[in-house]
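All residue numbers refer to positions in the sequence shown, counting from 1. Counting convention: from 1, in listed order, for ligands and their atoms alike.
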Amino acid sequence: MTDTAPQSAVRDTLAEFEAGAARAFEVAEDAETLRELESTLLGRRSRLGDLQRQLSTFAPEDRRDLGQAIQAARARLVELAGARRADLDARARADALAADRLDLTEAMSLGAGWGGPGRTDSGGGDPALPWRGHLNLVTQTRDALEDTFVSLGFSVAEGPEAETDWYNFEALNMPPAHPARGMWDTLYLRLGAPETVLLRTHTSPVQVRTMESEKPPIYVVAPGRCYRRDTPDARHLPVFHQIEGLVVDRGITFGDLAGTIEAFTTAYFGPDVHSRLRPSYFPFTEPSAEFEVTCPICGGAGCRTCSHSGWIELGGCGMVDPAVFAAVGIDAEEYSGFAFGFGIDRLAQVRVGLADMRTLLDNDLRFLRQF
Ligand code: DAH
């Protein structure tokens, strides 16, 4: 006959033991404590070991059941200990990472001694603070131009720097082999058929894109980067910026163009600077003009910057050619418009009296920090 009382007593002891051991593992605070607990609770000399040894006093059929119960309890506890170890390892890794973290504010102040980023010597501003970066002069100029035109009622448009021949030339009334294409030394991209994809040589393609996607009335400016196959010199950069303007509405006249240019000039340069238009040629405008402003350096008296003429040429403009309207499907009988475009880098150069445009790209902090 089987002695059932001792068997249930063993099961009770086992359950009680398992619950206590599980709690102990769950609250183990570090890997060392966990290791000790494993040895005392699961090792050969543990309570579990004792129970195991007691099995021999039971009848064989009870022995098997109890043995399985003990093994199952052990397996659950081993698993719990493993999970706890994984938790503790993860926490230790996180602590190590936090301890290794670089304190960059400390690096900033360390730089103070050797002219590093934390230098506090002659950086301008509060000498107790590290130097601060700011936008490049060209970016500041672009932002100021956008603000000026937005205040005149224009909105701001954008277009891609990699363009197709259609937008950069053809839709602007320059079919293939048109001689005026020679006005722009073009960088072509090795993409598609030869000479079909290029880096835009001016912002005028944004005119075409805008007229394709919007119906008149249109009042937009489009600032952006342009590229030409030019050797850099004091007045030219192969990568530069332009701002394009386009107005299309009913009854727009050349007078509106001249008035807008003058309004922009005084809004941007102040009341002492004026504009004038001189006849010129562009394939996408008819009539076309160059616009010039009073030399802001000498106030019109004549100086080296304006070649003693008192005027500085800023860009081109004119009335949108009906052929351009035809390319984008705008009825030239119903609408008329004007367009203009000028160099942002050139404007910045004129405004601050910069002898050489290349300094804009040199990344020399002694130059850049003046603005
Ligand atoms: N795209 C011309 C250039 O890069 C400048 C220009 C002239 C733009 C006349 C215009 C314009 O919109 O009407 O030289």
Side-chain angles (χ1 to χ4, degrees), residues 142 145 149 152 154 156-161 163 165-174 178-187 198-212 216 218-230 235-249 252-261 264-265 275-293 312-325 327-328 330 332 335-347 349 357:
R142 187 202 62 200
L145 288 169
F149 280 108
L152 292 174
F154 287 75
V156 179
E158 270 187 350
E161 291 171 24
E163 264 297 6
D165 180 90
W166 162 261
Y167 285 107
N168 198 80
F169 291 124
E170 198 158 351
L172 290 166
N173 196 25
M174 281 176 278
H178 191 287
R181 287 180 173 224
M183 292 165 72
W184 296 273
D185 285 318
T186 308
L187 290 158
L198 45 81
L199 292 175
R200 67 177 178 195
T201 59
H202 49 180
T203 42
S204 301
V206 188
Q207 282 186 35
V208 180
R209 290 183 174 274
T210 306
M211 287 188 281
E212 272 181 353
I218 293 170
Y219 292 80
V220 294
V221 286
R225 198 176 285 141
C226 304
Y227 304 80
R228 285 187 201 169
R229 238 183 82 199
D230 276 340
R235 288 157 49 101
H236 299 92
L237 297 175
V239 180
F240 60 101
H241 302 79
Q242 282 191 343
I243 186 164
E244 190 82 9
L246 174 71
V247 167
V248 183
D249 207 341
I252 297 292
T253 68
F254 199 90
D256 297 316
L257 166 59
T260 303
I261 297 276
F264 151 72
T265 304
S275 64
R276 72 175 185 186
L277 301 179
R278 306 198 332 152
S280 184
Y281 169 76
F282 295 98
F284 29 92
T285 40
E286 182 59 35
S288 303
E290 273 165 12
F291 76 87
E292 302 183 333
V293 295
I312 298 252
E313 189 204 320
L314 273 192
C317 59
M319 302 304 290
V320 179
D321 194 292
V324 176
F325 281 144
V328 294
I330 288 182
Y335 292 103
S336 57
F338 65 77
F340 57 84
F342 54 86
I344 297 178
D345 319 66
R346 176 102 183 98
L347 197 71
Q349 177 181 36
M357 243 187 207

Novice: Where the side chain of Ser288 meets the backbone of Phe282, is there a donor-acceptor pair that is under 3.5 Å apart?
Specialist: yes
Novice: Give a yes or no answer on whether the side chain of His202 reaches the backbone of Asn168 with a donor-acceptor pair at less than 3.5 Å.
Specialist: yes
Novice: Quick check on salt bridge (charged side-chain N to carboxylate O under 4.0 Å, His left out): which of Glu158, Glu161, Glu163 does Arg225 satisfy it with?
Specialist: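 Option passing the salt bridge (charged side-chain N to carboxylate O under 4.0 Å, His left out) with Arg225: Glu161.
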Novice: Around ligand 1, what residues show up once you keep those with a heavy atom under 4.0 Å from it?
Specialist: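 For ligand 1, the residues that come within the 4.0 Å heavy-atom cutoff are Trp184, His202, Ser204, Gln207, Arg228, Gln242, Glu244, Phe282, Phe284, Thr285, Gly316, Cys317, Gly318, Ala339, Phe340, Gly341.
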Novice: Which residues pass the side chain to side chain contact (heavy atoms under 4.5 Å, CB included) test with Thr253, not counting sequence neighbours?
Specialist: Asp256
Novice: Not counting sequence neighbours, which residues clear side chain to side chain contact (heavy atoms under 4.5 Å, CB included) with Ala323? List them please.
Specialist: Asn173, Asp321
Novice: Just jot down the side chain to side chain contact (heavy atoms under 4.5 Å, CB included) partners of Glu212, sequence neighbours excluded, or say none.
Specialist: Trp166, Tyr167, Val208, Val328
